[in-house]
2 protein chains.
Amino acid sequence: MFIDFEKYIKTQADLTDQDIKLFRDTAMEKTLRRKDFLLQAGDVCRYKTFVCKGFLRSYRTTDNGNEHVMQFSPENSWTTDPESYENHTPSSYNIDALEYTEVIMWTKKDFDYLFEQLPSLKVYSDRLIAGNLARTRQRVFSAISATAEERYDEFMKMYPGILTRVPLHMVASFLGVSRETLSRIRHTQVKP
Amino acid sequence: MFIDFEKYIKTQADLTDQDIKLFRDTAMEKTLRRKDFLLQAGDVCRYKTFVCKGFLRSYRTTDNGNEHVMQFSPENSWTTDPESYENHTPSSYNIDALEYTEVIMWTKKDFDYLFEQLPSLKVYSDRLIAGNLARTRQRVFSAISATAEERYDEFMKMYPGILTRVPLHMVASFLGVSRETLSRIRHTQVKP
DNA sequence: TAAAAACGGTGACAAATGTCCTCGTTTAGG
DNA sequence: CCTAAACGAGGACATTTGTCACCGTTTTTA
(Lines give C-alpha, C1' and ligand atoms only; values in the text may rest on other atoms or scores of the structure.)
Protein backbone atom coordinates (compact mmCIF):
# COMPACT_ATOMS: atom_id res chain seq x y z
CA MET A 1 0.00 0.00 0.00
CA PHE A 2 2.74 2.43 0.98
CA ILE A 3 4.57 1.55 -2.21
CA ASP A 4 1.78 3.22 -4.21
CA PHE A 5 2.35 6.42 -2.31
CA GLU A 6 6.10 6.15 -2.64
CA LYS A 7 5.89 5.81 -6.40
CA TYR A 8 3.57 8.77 -6.63
CA ILE A 9 5.30 11.20 -4.31
CA LYS A 10 8.64 10.66 -6.00
CA THR A 11 7.17 12.05 -9.20
CA GLN A 12 5.93 15.12 -7.36
CA ALA A 13 8.69 16.22 -4.99
CA ASP A 14 12.42 15.82 -4.87
CA LEU A 15 12.93 13.28 -2.10
CA THR A 16 15.67 10.86 -1.07
CA ASP A 17 15.11 7.35 0.21
CA GLN A 18 15.90 8.73 3.63
CA ASP A 19 13.07 11.25 3.21
CA ILE A 20 10.70 8.50 2.17
CA LYS A 21 11.53 6.67 5.36
CA LEU A 22 10.27 9.66 7.33
CA PHE A 23 6.95 9.33 5.58
CA ARG A 24 6.77 5.61 6.19
CA ASP A 25 7.56 5.90 9.89
CA THR A 26 4.58 8.09 10.55
CA ALA A 27 2.10 6.77 8.00
CA MET A 28 -1.03 4.93 9.07
CA GLU A 29 -2.56 2.53 6.59
CA LYS A 30 -6.26 1.92 6.42
CA THR A 31 -8.68 0.06 4.21
CA LEU A 32 -12.29 0.99 3.68
CA ARG A 33 -15.10 -1.07 2.31
CA ARG A 34 -17.77 0.50 0.16
CA LYS A 35 -19.92 2.88 2.25
CA ASP A 36 -17.40 3.02 5.10
CA PHE A 37 -16.70 6.49 6.46
CA LEU A 38 -13.29 8.08 6.66
CA LEU A 39 -14.77 11.15 8.32
CA GLN A 40 -18.19 11.92 9.73
CA ALA A 41 -19.65 15.38 10.11
CA GLY A 42 -19.23 16.60 13.67
CA ASP A 43 -15.92 14.85 14.17
CA VAL A 44 -12.61 16.66 13.91
CA CYS A 45 -10.67 15.74 10.79
CA ARG A 46 -7.38 14.60 12.30
CA TYR A 47 -5.58 13.39 9.19
CA LYS A 48 -4.24 14.27 5.82
CA THR A 49 -5.15 11.30 3.65
CA PHE A 50 -3.65 9.97 0.47
CA VAL A 51 -5.78 7.61 -1.62
CA CYS A 52 -3.63 4.71 -2.85
CA LYS A 53 -6.44 2.78 -4.43
CA GLY A 54 -10.20 3.13 -4.73
CA PHE A 55 -12.46 6.14 -4.63
CA LEU A 56 -13.60 8.56 -1.94
CA ARG A 57 -16.29 11.18 -1.91
CA SER A 58 -16.57 14.29 0.29
CA TYR A 59 -20.01 15.71 0.79
CA ARG A 60 -22.05 17.95 3.04
CA THR A 61 -25.64 17.51 4.13
CA THR A 62 -28.13 20.36 4.36
CA ASP A 63 -30.61 20.73 7.22
CA ASN A 64 -33.31 19.07 5.16
CA GLY A 65 -31.13 16.05 4.54
CA ASN A 66 -29.88 16.61 1.01
CA GLU A 67 -26.37 15.44 0.21
CA HIS A 68 -24.08 17.69 -1.82
CA VAL A 69 -20.85 16.33 -3.19
CA MET A 70 -17.92 18.69 -2.79
CA GLN A 71 -15.12 16.49 -4.06
CA PHE A 72 -14.29 13.16 -5.65
CA SER A 73 -10.97 11.61 -4.68
CA PRO A 74 -9.70 8.79 -6.87
CA GLU A 75 -6.39 6.99 -6.34
CA ASN A 76 -3.28 9.20 -6.30
CA SER A 77 -5.07 12.16 -4.82
CA TRP A 78 -5.29 13.74 -1.38
CA THR A 79 -8.28 14.43 0.76
CA THR A 80 -9.00 16.08 4.06
CA ASP A 81 -11.18 18.83 5.46
CA PRO A 82 -8.57 21.59 5.55
CA GLU A 83 -10.61 23.82 7.81
CA SER A 84 -11.23 21.13 10.42
CA TYR A 85 -7.70 19.76 10.07
CA GLU A 86 -5.99 23.11 10.57
CA ASN A 87 -8.19 24.46 13.35
CA HIS A 88 -9.19 21.25 15.13
CA THR A 89 -12.83 22.20 14.75
CA PRO A 90 -15.72 19.81 14.08
CA SER A 91 -16.05 19.14 10.39
CA SER A 92 -19.13 19.81 8.26
CA TYR A 93 -18.06 17.15 5.82
CA ASN A 94 -18.56 13.44 5.44
CA ILE A 95 -16.00 11.43 3.55
CA ASP A 96 -16.96 7.92 2.53
CA ALA A 97 -15.77 5.24 0.17
CA LEU A 98 -17.66 4.55 -3.05
CA GLU A 99 -15.72 1.34 -3.58
CA TYR A 100 -13.08 -0.70 -1.77
CA THR A 101 -10.36 1.81 -0.94
CA GLU A 102 -6.86 1.83 0.53
CA VAL A 103 -5.51 5.01 2.08
CA ILE A 104 -2.53 6.29 4.04
CA MET A 105 -3.00 8.94 6.69
CA TRP A 106 -0.83 11.26 8.73
CA THR A 107 -1.78 13.27 11.80
CA LYS A 108 -1.22 17.01 11.64
CA LYS A 109 1.51 16.72 14.22
CA ASP A 110 3.41 14.22 12.14
CA PHE A 111 2.84 15.96 8.86
CA ASP A 112 3.94 19.30 10.28
CA TYR A 113 7.12 17.57 11.36
CA LEU A 114 7.60 16.31 7.82
CA PHE A 115 7.20 19.88 6.59
CA GLU A 116 9.97 21.00 8.90
CA GLN A 117 12.28 18.23 7.76
CA LEU A 118 11.47 18.34 4.06
CA PRO A 119 11.33 21.81 2.52
CA SER A 120 10.47 20.39 -0.88
CA LEU A 121 7.36 18.82 0.65
CA LYS A 122 6.16 22.26 1.67
CA VAL A 123 6.75 23.51 -1.85
CA TYR A 124 4.76 20.60 -3.23
CA SER A 125 1.97 21.12 -0.72
CA ASP A 126 1.76 24.83 -1.50
CA ARG A 127 1.45 23.97 -5.16
CA LEU A 128 -1.33 21.50 -4.40
CA ILE A 129 -3.21 24.08 -2.38
CA ALA A 130 -2.80 26.69 -5.10
CA GLY A 131 -4.20 24.25 -7.65
CA ASN A 132 -7.05 23.38 -5.33
CA LEU A 133 -7.92 27.06 -4.88
CA ALA A 134 -7.79 27.68 -8.62
CA ARG A 135 -10.14 24.78 -9.32
CA THR A 136 -12.50 25.83 -6.56
CA ARG A 137 -12.61 29.38 -7.91
CA GLN A 138 -13.31 28.04 -11.37
CA ARG A 139 -16.16 26.01 -9.92
CA VAL A 140 -17.62 29.13 -8.32
CA PHE A 141 -17.37 30.94 -11.61
CA SER A 142 -19.15 28.11 -13.43
CA ALA A 143 -21.83 28.00 -10.76
CA ILE A 144 -22.64 31.70 -11.08
CA SER A 145 -22.18 32.08 -14.83
CA ALA A 146 -22.98 28.85 -16.67
CA THR A 147 -26.08 26.82 -17.38
CA ALA A 148 -26.49 23.32 -16.01
CA GLU A 149 -25.58 21.86 -19.38
CA GLU A 150 -22.43 23.96 -19.66
CA ARG A 151 -21.39 22.90 -16.18
CA TYR A 152 -21.96 19.27 -17.10
CA ASP A 153 -19.84 19.59 -20.25
CA GLU A 154 -17.09 21.28 -18.25
CA PHE A 155 -17.21 18.53 -15.66
CA MET A 156 -16.87 15.85 -18.32
CA LYS A 157 -13.87 17.61 -19.81
CA MET A 158 -12.18 18.26 -16.49
CA TYR A 159 -12.85 14.87 -14.95
CA PRO A 160 -13.26 12.34 -17.74
CA GLY A 161 -13.59 8.87 -16.33
CA ILE A 162 -15.33 9.88 -13.14
CA LEU A 163 -18.79 9.38 -14.59
CA THR A 164 -18.03 5.73 -15.25
CA ARG A 165 -17.17 5.20 -11.60
CA VAL A 166 -19.90 7.07 -9.73
CA PRO A 167 -23.68 7.04 -10.02
CA LEU A 168 -25.25 9.84 -11.98
CA HIS A 169 -27.05 11.36 -9.04
CA MET A 170 -23.71 12.12 -7.39
CA VAL A 171 -22.51 14.00 -10.44
CA ALA A 172 -25.78 15.90 -10.39
CA SER A 173 -25.20 16.65 -6.73
CA PHE A 174 -21.67 17.85 -7.49
CA LEU A 175 -23.01 20.13 -10.21
CA GLY A 176 -25.85 21.47 -8.09
CA VAL A 177 -28.75 20.19 -10.17
CA SER A 178 -31.35 17.52 -9.58
CA ARG A 179 -30.85 13.99 -10.75
CA GLU A 180 -33.72 14.40 -13.20
CA THR A 181 -32.31 17.56 -14.76
CA LEU A 182 -28.96 15.90 -15.42
CA SER A 183 -30.71 12.89 -16.86
CA ARG A 184 -32.54 15.14 -19.31
CA ILE A 185 -29.41 17.05 -20.26
CA ARG A 186 -27.71 13.79 -21.09
CA HIS A 187 -30.69 12.61 -23.08
CA THR A 188 -30.78 15.68 -25.31
CA GLN A 189 -27.07 15.26 -25.98
CA VAL A 190 -27.17 11.69 -27.32
CA LYS A 191 -29.32 12.60 -30.33
CA PRO A 192 -26.80 14.63 -32.41
CA MET B 1 -0.58 55.49 2.19
CA PHE B 2 2.08 53.03 3.34
CA ILE B 3 1.25 53.91 6.92
CA ASP B 4 -2.17 52.28 6.49
CA PHE B 5 -0.49 49.05 5.48
CA GLU B 6 2.03 49.30 8.29
CA LYS B 7 -0.69 49.66 10.90
CA TYR B 8 -2.56 46.72 9.47
CA ILE B 9 0.26 44.26 8.97
CA LYS B 10 1.57 44.80 12.48
CA THR B 11 -1.71 43.44 13.81
CA GLN B 12 -1.39 40.34 11.62
CA ALA B 13 2.23 39.24 11.78
CA ASP B 14 5.05 39.61 14.23
CA LEU B 15 7.34 42.13 12.54
CA THR B 16 10.07 44.51 13.65
CA ASP B 17 10.56 48.03 12.33
CA GLN B 18 13.47 46.63 10.38
CA ASP B 19 11.09 44.12 8.76
CA ILE B 20 8.67 46.90 7.90
CA LYS B 21 11.47 48.71 6.14
CA LEU B 22 11.86 45.73 3.84
CA PHE B 23 8.22 46.07 2.87
CA ARG B 24 8.56 49.79 2.29
CA ASP B 25 11.65 49.50 0.14
CA THR B 26 9.90 47.30 -2.40
CA ALA B 27 6.35 48.66 -2.22
CA MET B 28 4.84 50.52 -5.13
CA GLU B 29 2.04 52.93 -4.36
CA LYS B 30 -0.77 53.58 -6.78
CA THR B 31 -4.04 55.46 -6.80
CA LEU B 32 -7.04 54.55 -8.87
CA ARG B 33 -10.00 56.67 -9.81
CA ARG B 34 -13.43 55.12 -10.06
CA LYS B 35 -13.58 52.73 -13.03
CA ASP B 36 -9.82 52.56 -13.42
CA PHE B 37 -8.42 49.09 -13.93
CA LEU B 38 -5.81 47.48 -11.74
CA LEU B 39 -5.79 44.41 -13.98
CA GLN B 40 -7.32 43.67 -17.34
CA ALA B 41 -8.17 40.20 -18.62
CA GLY B 42 -5.44 38.99 -20.94
CA ASP B 43 -2.66 40.71 -19.04
CA VAL B 44 -0.45 38.87 -16.59
CA CYS B 45 -1.14 39.78 -12.98
CA ARG B 46 2.31 40.90 -11.85
CA TYR B 47 1.51 42.08 -8.35
CA LYS B 48 0.17 41.22 -4.96
CA THR B 49 -1.93 44.20 -4.00
CA PHE B 50 -3.00 45.54 -0.64
CA VAL B 51 -5.96 47.92 -0.57
CA CYS B 52 -5.22 50.81 1.80
CA LYS B 53 -8.33 52.79 1.04
CA GLY B 54 -11.28 52.46 -1.29
CA PHE B 55 -12.89 49.47 -2.92
CA LEU B 56 -11.91 47.05 -5.67
CA ARG B 57 -13.89 44.44 -7.54
CA SER B 58 -12.63 41.33 -9.33
CA TYR B 59 -14.79 39.93 -12.06
CA ARG B 60 -14.77 37.72 -15.11
CA THR B 61 -16.64 38.17 -18.36
CA THR B 62 -18.34 35.34 -20.23
CA ASP B 63 -18.19 34.98 -24.00
CA ASN B 64 -21.56 36.67 -24.34
CA GLY B 65 -20.36 39.69 -22.40
CA ASN B 66 -21.87 39.12 -18.97
CA GLU B 67 -19.84 40.26 -15.99
CA HIS B 68 -19.58 38.00 -12.94
CA VAL B 69 -18.14 39.35 -9.72
CA MET B 70 -15.75 36.95 -8.01
CA GLN B 71 -14.54 39.13 -5.17
CA PHE B 72 -15.00 42.46 -3.44
CA SER B 73 -11.90 43.98 -1.88
CA PRO B 74 -12.43 46.82 0.59
CA GLU B 75 -9.64 48.57 2.47
CA ASN B 76 -7.36 46.35 4.55
CA SER B 77 -7.66 43.40 2.24
CA TRP B 78 -5.51 41.79 -0.41
CA THR B 79 -6.25 41.13 -4.02
CA THR B 80 -4.52 39.45 -6.92
CA ASP B 81 -5.19 36.72 -9.44
CA PRO B 82 -3.25 33.94 -7.74
CA GLU B 83 -3.20 31.71 -10.80
CA SER B 84 -1.84 34.39 -13.11
CA TYR B 85 0.51 35.73 -10.45
CA GLU B 86 2.07 32.37 -9.66
CA ASN B 87 2.35 31.04 -13.20
CA HIS B 88 2.85 34.24 -15.17
CA THR B 89 -0.07 33.32 -17.38
CA PRO B 90 -2.62 35.73 -18.86
CA SER B 91 -5.38 36.42 -16.39
CA SER B 92 -9.08 35.79 -16.94
CA TYR B 93 -9.95 38.45 -14.41
CA ASN B 94 -10.55 42.16 -14.47
CA ILE B 95 -9.95 44.16 -11.33
CA ASP B 96 -11.31 47.68 -11.24
CA ALA B 97 -12.02 50.38 -8.69
CA LEU B 98 -15.59 51.08 -7.63
CA GLU B 99 -14.50 54.28 -5.92
CA TYR B 100 -11.32 56.30 -5.44
CA THR B 101 -8.80 53.77 -4.19
CA GLU B 102 -5.24 53.70 -2.87
CA VAL B 103 -3.22 50.51 -3.09
CA ILE B 104 0.29 49.21 -2.48
CA MET B 105 1.72 46.54 -4.74
CA TRP B 106 4.68 44.18 -4.76
CA THR B 107 6.05 42.18 -7.64
CA LYS B 108 6.31 38.43 -7.18
CA LYS B 109 10.08 38.70 -7.20
CA ASP B 110 10.08 41.19 -4.37
CA PHE B 111 7.40 39.45 -2.37
CA ASP B 112 9.16 36.10 -2.66
CA TYR B 113 12.23 37.82 -1.28
CA LEU B 114 10.16 39.06 1.64
CA PHE B 115 8.99 35.52 2.27
CA GLU B 116 12.58 34.38 2.46
CA GLN B 117 13.52 37.12 4.87
CA LEU B 118 10.42 37.03 7.03
CA PRO B 119 9.22 33.56 8.07
CA SER B 120 6.29 35.01 9.95
CA LEU B 121 5.08 36.60 6.71
CA LYS B 122 4.86 33.16 5.15
CA VAL B 123 2.86 31.93 8.12
CA TYR B 124 0.51 34.86 7.79
CA SER B 125 0.17 34.34 4.04
CA ASP B 126 -0.55 30.63 4.44
CA ARG B 127 -3.28 31.52 6.91
CA LEU B 128 -4.77 34.01 4.46
CA ILE B 129 -4.78 31.43 1.70
CA ALA B 130 -6.37 28.83 3.96
CA GLY B 131 -9.11 31.30 4.86
CA ASN B 132 -9.59 32.18 1.23
CA LEU B 133 -9.96 28.52 0.30
CA ALA B 134 -12.42 27.91 3.12
CA ARG B 135 -14.59 30.83 2.04
CA THR B 136 -14.45 29.78 -1.59
CA ARG B 137 -15.48 26.24 -0.69
CA GLN B 138 -18.35 27.59 1.35
CA ARG B 139 -19.41 29.64 -1.64
CA VAL B 140 -19.41 26.53 -3.83
CA PHE B 141 -21.51 24.72 -1.25
CA SER B 142 -24.01 27.58 -1.14
CA ALA B 143 -24.13 27.70 -4.91
CA ILE B 144 -24.98 24.01 -5.25
CA SER B 145 -27.21 23.64 -2.20
CA ALA B 146 -29.00 26.88 -1.37
CA THR B 147 -31.76 28.93 -2.97
CA ALA B 148 -31.09 32.43 -4.26
CA GLU B 149 -32.72 33.89 -1.17
CA GLU B 150 -30.62 31.78 1.19
CA ARG B 151 -27.48 32.81 -0.65
CA TYR B 152 -28.49 36.46 -0.36
CA ASP B 153 -29.09 36.14 3.39
CA GLU B 154 -25.75 34.42 3.81
CA PHE B 155 -24.04 37.15 1.85
CA MET B 156 -25.58 39.84 4.02
CA LYS B 157 -24.43 38.08 7.18
CA MET B 158 -20.94 37.39 5.89
CA TYR B 159 -20.35 40.78 4.32
CA PRO B 160 -22.54 43.32 6.07
CA GLY B 161 -21.77 46.78 4.84
CA ILE B 162 -20.87 45.79 1.32
CA LEU B 163 -24.38 46.32 0.02
CA THR B 164 -24.24 49.96 1.03
CA ARG B 165 -21.11 50.47 -1.06
CA VAL B 166 -21.85 48.61 -4.27
CA PRO B 167 -24.81 48.69 -6.66
CA LEU B 168 -27.32 45.91 -6.31
CA HIS B 169 -26.63 44.38 -9.69
CA MET B 170 -23.07 43.60 -8.60
CA VAL B 171 -24.29 41.71 -5.57
CA ALA B 172 -26.68 39.82 -7.86
CA SER B 173 -23.75 39.07 -10.12
CA PHE B 174 -21.71 37.84 -7.16
CA LEU B 175 -24.56 35.57 -6.10
CA GLY B 176 -25.20 34.27 -9.59
CA VAL B 177 -28.73 35.57 -10.05
CA SER B 178 -30.21 38.24 -12.27
CA ARG B 179 -30.62 41.79 -11.04
CA GLU B 180 -34.38 41.38 -11.22
CA THR B 181 -34.46 38.22 -9.13
CA LEU B 182 -32.44 39.85 -6.37
CA SER B 183 -34.67 42.89 -6.51
CA ARG B 184 -37.71 40.67 -5.97
CA ILE B 185 -36.09 38.73 -3.14
CA ARG B 186 -35.39 41.98 -1.35
CA HIS B 187 -38.92 43.19 -1.96
CA THR B 188 -40.52 40.11 -0.40
CA GLN B 189 -38.27 40.50 2.63
CA VAL B 190 -39.29 44.06 3.57
CA LYS B 191 -42.91 43.12 4.31
CA PRO B 192 -42.46 41.06 7.52
C1' DT C 1 -25.40 72.72 -13.98
C1' DA C 2 -27.38 70.15 -17.58
C1' DA C 3 -27.25 65.96 -20.25
C1' DA C 4 -26.23 61.24 -19.97
C1' DA C 5 -25.63 57.25 -17.67
C1' DA C 6 -26.51 54.29 -13.96
C1' DC C 7 -29.69 52.51 -10.89
C1' DG C 8 -33.62 50.04 -8.67
C1' DG C 9 -38.07 48.45 -9.26
C1' DT C 10 -41.87 45.98 -11.62
C1' DG C 11 -45.05 43.57 -14.93
C1' DA C 12 -45.58 40.00 -18.51
C1' DC C 13 -44.05 36.17 -20.39
C1' DA C 14 -40.74 32.33 -21.54
C1' DA C 15 -37.40 29.05 -20.21
C1' DA C 16 -35.11 26.28 -16.94
C1' DT C 17 -35.35 23.49 -13.21
C1' DG C 18 -37.38 21.06 -9.21
C1' DT C 19 -40.68 17.86 -7.40
C1' DC C 20 -43.33 13.84 -7.40
C1' DC C 21 -44.47 9.85 -9.46
C1' DT C 22 -44.01 5.36 -11.89
C1' DC C 23 -41.50 1.88 -14.26
C1' DG C 24 -38.03 -1.42 -15.90
C1' DT C 25 -33.11 -2.63 -15.31
C1' DT C 26 -28.91 -3.23 -12.95
C1' DT C 27 -26.22 -4.00 -8.99
C1' DA C 28 -24.94 -5.23 -4.33
C1' DG C 29 -24.64 -8.27 -0.78
C1' DG C 30 -26.42 -11.91 2.20
C1' DC D 1 -27.93 -17.38 -6.66
C1' DC D 2 -31.65 -14.67 -5.25
C1' DT D 3 -33.76 -10.76 -3.16
C1' DA D 4 -33.70 -5.99 -1.98
C1' DA D 5 -31.85 -1.86 -2.92
C1' DA D 6 -30.03 1.29 -6.04
C1' DC D 7 -30.20 3.22 -10.36
C1' DG D 8 -31.53 5.73 -14.68
C1' DA D 9 -35.20 7.30 -17.32
C1' DG D 10 -39.19 9.87 -18.22
C1' DG D 11 -44.06 12.10 -17.78
C1' DA D 12 -46.82 15.72 -15.57
C1' DC D 13 -46.99 19.63 -13.24
C1' DA D 14 -45.44 23.48 -10.03
C1' DT D 15 -41.99 26.72 -8.96
C1' DT D 16 -38.13 29.45 -9.69
C1' DT D 17 -35.58 32.24 -12.40
C1' DG D 18 -34.32 34.72 -16.65
C1' DT D 19 -35.46 37.94 -20.24
C1' DC D 20 -37.39 41.95 -22.11
C1' DA D 21 -39.60 46.10 -21.74
C1' DC D 22 -40.53 50.26 -19.45
C1' DC D 23 -40.43 53.81 -15.86
C1' DG D 24 -38.99 57.30 -12.48
C1' DT D 25 -35.11 58.58 -9.61
C1' DT D 26 -30.37 59.21 -8.48
C1' DT D 27 -25.70 59.80 -9.63
C1' DT D 28 -22.01 60.86 -12.59
C1' DT D 29 -19.53 63.56 -15.52
C1' DA D 30 -18.57 66.61 -19.23
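Everything numeric in this text was worked out from a predicted model, so none of it was measured. In what follows, chains are A, B, ... by sequence order, proteins preceding strands, each numbered from 1.
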Could you tell me how far apart B:L98 (CG) and C:dA6 (C1') are, to the nearest whole angstrom? 13 Å

Which residues satisfy the side-chain hydrogen bond (donor to acceptor under 3.5 Å, both in side chains) test with A:Q117, sequence neighbours excluded? none

Contact string for nucleotides 6-17 of chain D, one letter per nucleotide 5' to 3', B = base within protein heavy-atom range under 4.0 Å, S = sugar-phosphate only, - = neither, reads -SBBBBB----S

Within this structure, what is the CZ-to-P distance between A:R165 and C:dT27, rounded to whole angstrom? 16 Å

For this output row, return yes or no: ring centroids of A:F174 and A:F155 closer than 6.0 angstrom. yes

With the 4.5 Å side-chain cut-off for hydrophobic clustering, are A:V103 and A:L98 part of the same group? no

Salt bridge B:E99-B:K35, side-chain N to carboxylate O under 4.0 Å: no

Ring pair (Phe, Tyr, Trp, His ring centres under 6.0 Å) assessment of B:F72 paired with B:Y159: CA-CA 10 Å; B:F72 294 114; B:Y159 307 105; 7.8 Å; no

Taking atom P of C:dC7 as reference, at what distance in whole Å does atom CD of B:E67 sit? 10 Å

Apply side chain to side chain contact (heavy atoms under 4.5 Å, CB included) to A:T62 and list each qualifying residue two or more places apart in sequence or on a separate chain. A:N64, A:N66, A:H68, B:F141, B:S145

Can you tell me how far P of C:dG29 sits from CD of A:E99, to the nearest Å? 12 Å

Could you check how far CZ of B:R57 sits from P of C:dA6, rounded to whole Å? 12 Å

